[in-house]
Undergrad: 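Take a look at this one; I'll ask things after.
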Number of protein chains: 4
Amino acid sequence: MSTTPAFRRLPRAVREQQMLDAAVRVFSRRGFHAASMDEIAEDAGISKPMVYAYLGTKEELFIACLHREGARMLETIAGAIGPDLPPDQRLWHGLQAFFGFVATYRDGWVVLYRQARGEPPFAGELAMMRARMAEVVAGMLKRTLHAEGREVRETDLEIQAYALVGASESLADWLADRPDADPDQLATRMVNIAWLGADQLLSGEVWHRPAEG
Amino acid sequence: MSTTPAFRRLPRAVREQQMLDAAVRVFSRRGFHAASMDEIAEDAGISKPMVYAYLGTKEELFIACLHREGARMLETIAGAIGPDLPPDQRLWHGLQAFFGFVATYRDGWVVLYRQARGEPPFAGELAMMRARMAEVVAGMLKRTLHAEGREVRETDLEIQAYALVGASESLADWLADRPDADPDQLATRMVNIAWLGADQLLSGEVWHRPAEG
Amino acid sequence: MSTTPAFRRLPRAVREQQMLDAAVRVFSRRGFHAASMDEIAEDAGISKPMVYAYLGTKEELFIACLHREGARMLETIAGAIGPDLPPDQRLWHGLQAFFGFVATYRDGWVVLYRQARGEPPFAGELAMMRARMAEVVAGMLKRTLHAEGREVRETDLEIQAYALVGASESLADWLADRPDADPDQLATRMVNIAWLGADQLLSGEVWHRPAEG
Amino acid sequence: MSTTPAFRRLPRAVREQQMLDAAVRVFSRRGFHAASMDEIAEDAGISKPMVYAYLGTKEELFIACLHREGARMLETIAGAIGPDLPPDQRLWHGLQAFFGFVATYRDGWVVLYRQARGEPPFAGELAMMRARMAEVVAGMLKRTLHAEGREVRETDLEIQAYALVGASESLADWLADRPDADPDQLATRMVNIAWLGADQLLSGEVWHRPAEG
DNA sequence: AATGAATGAGCCTTCATTCAT
DNA sequence: GATGAATGAAGGCTCATTCAT
C-alpha cells in the first residue's frame, strides 16, 4: 500500500502539471472569461495563491495551457510521422495521430480550437498557428503538382489548403463531442478527401462558375 | 414622407436595429464576456437602460444578435437558391450567397462562428445549427448516391458532410480576415471540392488504411 | 423643517464633494495604502462603485484629494494676500492664512504633508510644490538683499528658504495635533523668525564654523 | 582570524544586521505598506522564514529599523557633542553630526522622517521623539534667556523650538535628495538661524501683529 | 539552521442590472 | 420615453504569515 503516500507538499513540477490539468479542464468547460481562478484552484485541489505563484496571471496561465496542449499535439503528430516514413504514408499517420490526440486530450483540443479563437489576446497567435499549418499543407500540394508539371494559382493553393485544414478541424470538433467515435475512421476519410483534392487540382478537370446573367 | 426626418424619438423598430448593430459590432470585437453593456450602449449612442428596456438581459441581447445574424444568413442563402433552381446549380448559388454574406456582414459571421462557439450558454444551439447544416449536406450526398444505386455507411456520409461544412467555414473565416478577397473564388473552389468528394464516394475508388503492424 | 430633504439620488457635484471629504478624512487617518476604498465609500455613505464611477482609481482619488486641498490652500493664501497689499504686510497675511488653513482643514494638511510624502507615486509632485514654495521665499529674500546692495551665495539663499519653509511646516504640523492652539500666534512667531533670518543675511553678521582640529 | 571568512552560516548578529540593512533600504524606497516581506528577504539574500525567525512580524521589523536608525542617530550626535564640550560649541557639533548622519545613512533618515510619519502604528512614537528633541531645544533657549534675566511665554518657547527642529528637518530632507551637497554648510547656516532666533527672543525686539481692522 | 510549499484574508476593480426622476 | 444615479456581487491578484521537510 505505498501508492502516492504524500498528499500535500508536492514538488513544484508535479503541482504545476496538476494545475495545468485543472486549468485545461476548466477553460475547456467555461471559456477563458467565464473560468474563474477560484474554480481552477479548487479543481486542482490547491489554493489560489499557489496558482499565481507557479503559473502567474490568468492570461499567462491560459497561454501556458495553449503551449502545453499545442506542444503535446505537435509532438504527437511528429512522433507518429517520424523521420523515415515514406512520403505517401506521412499524411495517413499524421492524421491518425492528430485525431488520436483529439480523442485522448479532448479538453486540450477544445481549449486550443474553440476557446482561444474568439479571445482577442490569443486569437492572433492561434491564427498564426493555423496559417503555418495551412502553409505546410499548401507546400505538400505544390510539390505534388510541380512533380507533375502543373501550375496552379498561389491563391487557389492557399484556399485549398485552408479548406483541408478546416475540414480536419471540423471532424476533430465532431469527434470532441462524440467520445465513442473512432478516430481512425475520421483519418481514413480525411485522407481520401485530401488525395482527391490533390488529384483534382492535378488533373485540371475542374468545375467553373457559370457566366452571370 | 421625407427621408430620415428626425434624429431622436425614432420608432422602436429602428432603435432596436441600431442597438443590434452596435451589439454585433462589440461582441464581434470583444467576445461575449469581455463585451460590456456600457460599451454597447455607448457604441449605439443610447443610454444603458434603453438597451435593457428594448432587448433585455445581456444574454438575451446576445441571443437576439445570433438570431438576427443567423436568420440573415439563412435568408440570404435561401433567397439565392430560390424555389426553381435546377438541382445542379443549387450548390453553387448557395455557396456564393454564403460567402457573400460573410463578406458583407463580417461581424455577424464572427459572432456566429468564433464567439458563440466557446460560450456554454450558446454553444449548444450553434452546434445544432451546424448539425442541421450537415444534415442537409448529407441529404444531398445521399440522394446523389442513391440515384446511382450506391450505398454508403451512414457514418461516412455524416463525416463527409461535416468535412464539407468545416471546409466552408474555414474558408469563410479566412475571408473574414481578408476584406479584399473575392468571395466568388472561394465559392468556386468549394464547389469543386464538394463535387469531387461526391464523385469519390460515388465511384468507390477510395483509399484504405494500411493494415497495422 | 425643510433641511436637506433628499437623502439619496444627489446630483453628481454634491456626491463628488462628499466623497472627497470622506477620502481626505480616511487618507489622513490611515495613509494611502492602509486606507481601503471600502472604508472611504462607507465613510461617504455611498457604495464603492460610485466612487470609482466619479473619481476613478484609488490613486486618482488620492490625486484628486491632493489637488483639491492644494488648491484650497493656495486660494486661501492668495485670497488673504490680495493684489494690493503693501509688500511688508504680505508675509504676515500669507502666514496667517496658511496657519488658518491648517487649523480649519486639518485633514487636508495631514494628507498633503504627512501622507503624500512617503508614497513614491506622489512624493515627486509634492517635492516640486515645496520646491516652488522655497523658490518664492528665496526670491523674496533675494529682492530684499539686492535692495540693500548685498550679495549672497545662491546655495545659501536656497538653504535659508528651505529652512523657513521647514519651520513653517513644522509649526503647521504642531498645530495639526493641537486643535485648541492659536494659529495667529504661530503666524506672529513665524514672521519674527523670517524677518530675523533676512536681517541676518542682510547684516552679514554671521557666525562662522570654527577651524577643525 | 581572517577577514570575512565565510559567506553562509554567519553568526546571528551579523545576519540580523544584514536583514535590517535590507529592510531599511526597502522601507525607504517603498514605504511601510508598499514594501513586501518578499522583497526584503530577497534584498537581504535570505529566505523569508529566516526574517520571521530573527526579527518577527513586519511591524516588529519596521520598529527594529526605527530603533536601530534612531539609536544610531542619537549616538552619532551624542558622540559628537561629548561630555566636556563648552556650551557654546555644543550646538554646532550637534548639528554637524546630525547632518552628517543624514548624509551617511540617507535611507535611515528617510525611514525615520518620511515613512514613519504617516503610519498610525508608528507616528505616535515618532511624534514623541520629536517632542523630546523640541524639549531639549526649548530647554537650551530657556537657559539662555534666564541667564539674561528675561522671561518668555512657555508657548512661545515651545513654538520657537519646533520651528528650529522643523527647519533642521527640512534641511536634512533637502540633503537627502542631494547626495553631493555639503552637510557642514547646512550645519553652519542652521547655527546662524538658531542663534539669531535666540537673540531675538532675548532682545525682545520683536515684530507684533498689526491691530485687526 | 534554512527553505520550498502552502494558505486565509483582504483589497482593488468591474460589471450586469435597477430605480427614481 | 429616456437617463443619471446607484448597488450587490463577484473576480483577479497580492501579501503577511506558517508548516513540514
Side-chain angles (χ1 to χ4, degrees), chain A residues 6-16 33-41 44-61, chain B residues 8-12 15 32-41 46-54 56-62, chain C residues 6-16 33-41 44-54 56-61, chain D residues 8-12 15 32-41 45-54 56-62:
Chain A
F7 246 135
R8 306 171 185 279
R9 278 312 131 159
L10 298 181
R12 174 170 185 148
V14 176
R15 276 276 134 94
E16 275 184 350
H33 272 99
S36 85
M37 295 297 270
D38 274 287
E39 186 177 357
I40 292 172
I46 217 165
S47 75
K48 227 188 329 178
M50 281 270 75
V51 181
Y52 281 90
Y54 284 178
L55 275 333
T57 298
K58 189 185 186 184
E59 201 166 314
E60 291 168 341
L61 173 57
Chain B
R8 303 165 188 246
R9 303 274 164 181
L10 297 177
R12 174 166 184 141
R15 274 270 146 102
F32 175 71
H33 272 98
S36 85
M37 294 298 270
D38 275 286
E39 187 176 358
I40 291 171
I46 257 172
S47 78
K48 234 187 320 176
M50 277 283 90
V51 180
Y52 278 88
Y54 278 26
T57 297
K58 187 185 186 185
E59 206 165 309
E60 291 166 341
L61 174 57
F62 193 80
Chain C
F7 245 133
R8 306 172 182 281
R9 283 298 140 164
L10 298 182
R12 175 171 184 146
V14 175
R15 275 277 134 94
E16 274 184 350
H33 272 99
S36 86
M37 294 298 270
D38 274 289
E39 187 177 356
I40 291 172
I46 218 165
S47 76
K48 232 189 323 177
M50 281 270 77
V51 181
Y52 280 90
Y54 284 178
T57 298
K58 188 184 187 184
E59 202 165 313
E60 292 167 340
L61 174 58
Chain D
R8 300 162 190 249
R9 303 276 164 180
L10 297 178
R12 172 166 187 142
R15 274 270 146 103
F32 176 70
H33 272 98
S36 86
M37 295 297 271
D38 274 285
E39 187 176 357
I40 292 172
I46 256 171
S47 77
K48 233 187 321 177
M50 278 282 89
V51 179
Y52 279 88
Y54 279 25
T57 295
K58 188 185 186 184
E59 204 165 310
E60 292 167 341
L61 174 57
F62 193 79

Undergrad: List in chain and number order the residues that pass salt bridge (charged side-chain N to carboxylate O under 4.0 Å, His left out) with Glu59(C), two or more places apart in sequence or in another chain; answer none if no residue qualifies.
TA: none
Undergrad: Under the side-chain contact (heavy atoms from CB on, under 4.5 Å) rule, collect the residues that match up with Tyr52(A), sequence neighbours excluded.
TA: Met37(A), Lys48(A)
Undergrad: If the condition is side chain to side chain donor-acceptor pair (under 3.5 Å), which residues does Lys58(C) pass it with, not counting sequence neighbours?
TA: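 None.
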Undergrad: Tell me the closest heavy-atom pair linking Ala41(B) and Ser47(B), and the distance in Å.
TA: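 Result for this residue pair: CB-C, 4.1 Å.
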Undergrad: Tell me, please, which residues at least two apart from Glu60(B) pass side-chain contact (heavy atoms from CB on, under 4.5 Å).
TA: Thr57(B)
Undergrad: My validator wants the stems of DNA chain F: runs of 3 or more consecutive Watson-Crick or G-U pairs, both distances under 3.5 Å, written as range with range.
TA: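 Counting only runs of 3 or more consecutive pairs, the stems involving DNA chain F are E:2-21 with F:2-21.
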Undergrad: Looking only at the side chain of Met50(A) (C-beta and beyond, no hydrogens), which of the listed nucleotides dT3(F), dA6(E), dA2(E) gets closest?
TA: dA6(E)
Undergrad: Just the rounded figure in Å: distance from P of dG8(E) to CD1 of Ile46(A).
TA: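 Answer to the nearest Å: 11 Å.
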Undergrad: Is there a side-chain polar atom (N or O) of Arg15(B) under 4.0 Å from OP1 or OP2 of dG1(F)?
TA: no
Undergrad: Could you run through nucleotides 16-21 of chain F and give me one letter per nucleotide, 5' to 3': B if any protein heavy atom sits under 4.0 Å from the base, S if only the sugar-phosphate is that close, - if neither?
TA: SBBBS-
Undergrad: Tell me every residue that passes ring-ring contact (aromatic ring centres under 6.0 Å, His included) with Phe62(D), counting only those two or more places apart in sequence or in another chain.
TA: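 Phe27(D), Phe32(D), Phe122(D).
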Undergrad: Does a side-chain N or O from Tyr54(C) land closer than 4.0 Å to OP1 or OP2 of dA5(F), or not?
TA: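 Yes, within the criterion.
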Undergrad: Distance check, rounded to the nearest 0.5 Å: Met50(D) atom CE versus Arg15(D) atom CZ?
TA: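 Interatomic distance, Met50(D) CE to Arg15(D) CZ, rounded to 0.5 Å: 8.0 Å.
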Undergrad: Measuring from atom CD1 of Ile40(A) to atom CG of Leu55(A), what distance do you get when rounded to the nearest 0.5 angstrom?
TA: 9.5 Å
